[in-house]
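Every heavy atom of this structure was used, including side-chain atoms; hydrogens, water molecules and symmetry mates were not. Sequence lines set the chain letters: A, B, ... in the order given, protein chains first and strands last, and positions in each chain run from 1. As the structure is a prediction and not an experimental result, all values here were calculated from the model.
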There are 2 protein chains.
Amino acid sequence: MNIGTAAARSGVPAKTIRYYESIGLIPRAARTGGNYRDYDDNDLQTLRFIQRARRLGFAVKDVSSLLALWHDRGRASGDVKRLANGHIEEIDRRMEELRTMRRTLVHLVERCHGDHRPDCPILEELAGEGGCHKEPH
Amino acid sequence: MNIGTAAARSGVPAKTIRYYESIGLIPRAARTGGNYRDYDDNDLQTLRFIQRARRLGFAVKDVSSLLALWHDRGRASGDVKRLANGHIEEIDRRMEELRTMRRTLVHLVERCHGDHRPDCPILEELAGEGGCHKEPH
DNA sequence: CTTGACCTTCCAGTCTCTGGAACCTCCATC
DNA sequence: GATGGAGGTTCCAGAGACTGGAAGGTCAAG
């Protein structure tokens with residue numbers, strides 16, 4: 001099948017498939033007489049694997065490792081688990097950052113009356129003018 | 001003061017200050033005889049403002065809007081609040097994405113014994129082999 | 001034979017910096 | 001006055017993960 005069909009069936013856009021090939025995440029595809037890329041069910045499986053891993057937020061580099069482990073019949077499941085656990089920790093770090101930002105923002109938004117008047121605690125806090133929140137504890 | 005001092009006092013790295021100037025987030029700095037950038041306390045305040053807004057996760061484009069509002073004495077605080085609320089919503093979207101990923105990952109990791117043996121539910125799920133989770137509900 | 005959908009390659013842009021190379025300037029010391 | 005080193009200057013490239021567009025080739029249907 002050509003790249004468009006592979007894209008439709010895997011959920012990975014054609015442009016992204018070419019990109020994955022260019023960075024070596026997937027091997028160079030077979031070609032037809034007219035120089036069109038030609039994919040089979042095996043390639044499709046790989047694309048779907050990649051798609052699922054990316055949706056779980058794995059970086060492309062990690063997807064590459066996962067693919068290698070997937071193709072290694074003698075792999076240790078511990079290696080996969082370590083990768084996944086590392087990724088969970090990364091997610092936790094990002095969520096904690098977002099939570100901190102959100103807390104501060106919500107606090108500021110609550111104190112801002114948000115009407116036509118110009119005085120605004122949000123800008124004041126960003127400017128560090130008031131000094132009222134420089135030492136919160 | 002020169003860029004290094006401004007960087008130290010604002011918390012924005014010198015390279016980043018130059019970058020902000022290059023994209024027009026801050027105006028072109030004054031120059032000394034030797035072509036060094038020269039900053040005053042006003043510039044410093046702006047850099048600190050930017051730094052705080054960035055730490056709250058505002059995109060540079062939004063920081064630009066916030067700066068404009070900050071400098072506009074007749075602004076409506078409602079405009080600032082709208083920006084902040086939009087940003088909170090964006091944070092909520094990202095957190096929800098992360099939560100979803102995390103849920104799936106934790107579930108998979110729990111089912112993977114993670115030892116030297118090669119069978120691994122994480123890879124099976126990514127490959128879509130088992131089919132046991134294709135229709136979760 | 002023409003049309004239109006699809007494919008090809010390559011270059012540029014997104015976003016927010018960050019590193020490095022090559023060179024210039026300032027200040028202190030000898 | 002020479003020298004050394006810590007700053008500064010510019011510009012180019014790379015990160016990550018694509019995405020858009022231009023210019024042109026291929027294929028199947030009408």
Pairing residues for B/Asn85 by the side-chain contact (heavy atoms from CB on, under 4.5 Å) criterion, not counting sequence neighbours: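 Result, side-chain contact (heavy atoms from CB on, under 4.5 Å) vs B/Asn85: A/Val109, B/Lys81, B/Ile88.
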
Salt bridge (Lys or Arg N to Asp or Glu O under 4.0 Å): pairs with one or both residues in residues 34-51 of chain A, sequence neighbours excluded: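 As it turns out, the salt bridge (Lys or Arg N to Asp or Glu O under 4.0 Å) pairs with a partner in residues 34-51 of chain A, which skip direct neighbours, are A/Glu21-A/Arg37.
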
Pair listing, salt bridge (Lys or Arg N to Asp or Glu O under 4.0 Å) test, anchored in residues 6-19 of chain B, at least two apart: none

Atom pair distance, as rounded to whole Å: [atom1] in [X] and [atom2] in [N]:
| X | N | atom1 | atom2 | result |
| --- | --- | --- | --- | --- |
| B/Asp62 | C/dC15 | CG | P | 11 Å |
| B/Lys61 | C/dT14 | NZ | P | 11 Å |
| B/Ile3 | C/dC17 | CD1 | P | 14 Å |

Sidechain-backbone polar pair: A/Ser10 side chain, A/Ala6 backbone, donor-acceptor under 3.5 Å: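 Side chain of A/Ser10 to backbone of A/Ala6: a pair is present.
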
In chain order, what residues pass the side-chain hydrogen bond (donor to acceptor under 3.5 Å, both in side chains) check against [X], with sequence neighbours excluded?
| X | result |
| --- | --- |
| B/Arg117 | B/Asp115 |
| B/Ser65 | none |
| A/Glu96 | A/Arg99 |
| B/Glu110 | none |

Exceeds 12 heavy-atom contacts within 6.0 angstrom, atom CZ of A/Arg28: no

Inter-residue atom distance B/Ile122.CD1 - B/His107.NE2, 0.5 Å rounding: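 Rounded to the nearest 0.5 Å, the CD1-NE2 separation comes out at 11.0 Å.
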
DNA chain D contacts made by residues 8-32 of chain B, counting heavy atoms under 4.0 Å: B/Arg18, B/Arg31

Nucleic acid contacts - residues 88-104 of chain B versus DNA chain D, non-hydrogen atoms under 4.0 Å: none

Side-chain N,O (A/Asn2) to OP1/OP2 (C/dC7) below 4.0 Å: yes

Qualifying ring-ring contact (aromatic ring centres under 6.0 Å, His included) pairs with a residue from residues 5-50 of chain B, counting only residues at least two apart or across chains: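 Qualifying pairs: B/Phe49-B/Trp70.
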
Outermost nucleotides of DNA chain D that come under 4.0 Å of a non-hydrogen atom of chain B: D/dG7 to D/dT10

Lys/Arg N to Asp/Glu carboxylate O, B/Arg94 vs B/Glu90, below 4.0 Å: yes

4.5 Å side-chain heavy-atom contact, B/Leu56 and A/Leu126: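 Yes, their side chains come closer than 4.5 Å.
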
Nearest-nucleotide 5' precedence on DNA chain C, B/Asn35 against B/Arg54: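 Its nearest nucleotide lies further toward 5', so the answer is B/Arg54.
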
Rounded (10°) bend between the five-pair end axes of the helix from C/dC1-D/dG30 to C/dC30-D/dG1: 30°

